[in-house]
Amino acid sequence: GAPFAADTDTGFRRPGANRIMITTGGVDRWEVDASGNLLAVDDNSYDIGASGATRPRNLFLVGDATIGDQLIVSGVGPHAIGGAVDTDDQVVLTGTFTGVTNARVLDIASTLNGPVNGSIAGVFLRPTLVEAASGTATYVVALVISPVITAGAAAATDAGGIVVRGITVP
């Protein structure tokens, strides 16, 4: 390898043809393979960036991002998934999606195990809506459902803005 003179267990080495290994403390940490991919060598416990001011600011991707655990989006919105952002919105899901069997923009299929003496809700909307100090608001409501249904040649068994199934009223 090619260690640094003042730190002989840290540097770059060539583990094979067209590959570069980054080593710190005598341990291989990152590899740039022959295709230019940056790989965590031994396991997935290495981070890119760190907490505090030294973390990377932005991540720019051309292809897909595959997240193996949680996707946490923080900071001041708007946050967009899939397309252009209306700067008035905080979370935006946009794009054209084509399903294989069922097409859904948002599908919440989680199992919620209720706590003892607690509550559970599949979807819990609780916005705080603060009207403007003056002027006229078109509407001030907690939920607006405004679907656009484009008719096709398929025969739909259920068609409409809202379909509710499985409601049990005590």
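Model, not experiment: these values are computed from the prediction. We use all heavy atoms of the structure for the numbers below, so side chains are in, but hydrogens, waters and symmetry mates are not.
- Hydrophobic clustering (ILVMFWY, side-chain heavy atoms < 4.5 Å, transitive): V32 and V27 are in one cluster.
- When all heavy atoms of P127 and A142 are compared, the closest pair comes out as CG-O, 4.1 Å.
- Looking at T23 and F12, their side chains never come closer than 4.5 Å, going by heavy atoms from C-beta outward.
- Side-chain contact between P115 and I120 is present, with heavy atoms from C-beta onward closer than 4.5 Å.
- Judged purely by atom type and a 3.5 angstrom limit, D33 uses its side chain to pair as donor or acceptor with the backbone of S35.
- The local environment of CD1 in I22 is crowded, with over 12 non-hydrogen atoms from other residues, nucleotides or ligands closer than 6.0 Å.
- We find the CZ-CD distance between R13 and E31 to be 8.5 Å, quoted to the nearest 0.5 Å.
- Rounding to the nearest 0.5 Å places CH2 of W30 at 5.0 Å from CG of L38.
- Looking at V41 and M21, their side chains come closer than 4.5 Å, going by heavy atoms from C-beta outward.
- Hydrophobic clustering of Ile, Leu, Val, Met, Phe, Trp and Tyr side chains at less than 4.5 Å, counting indirect connections, unites L143 with V123.
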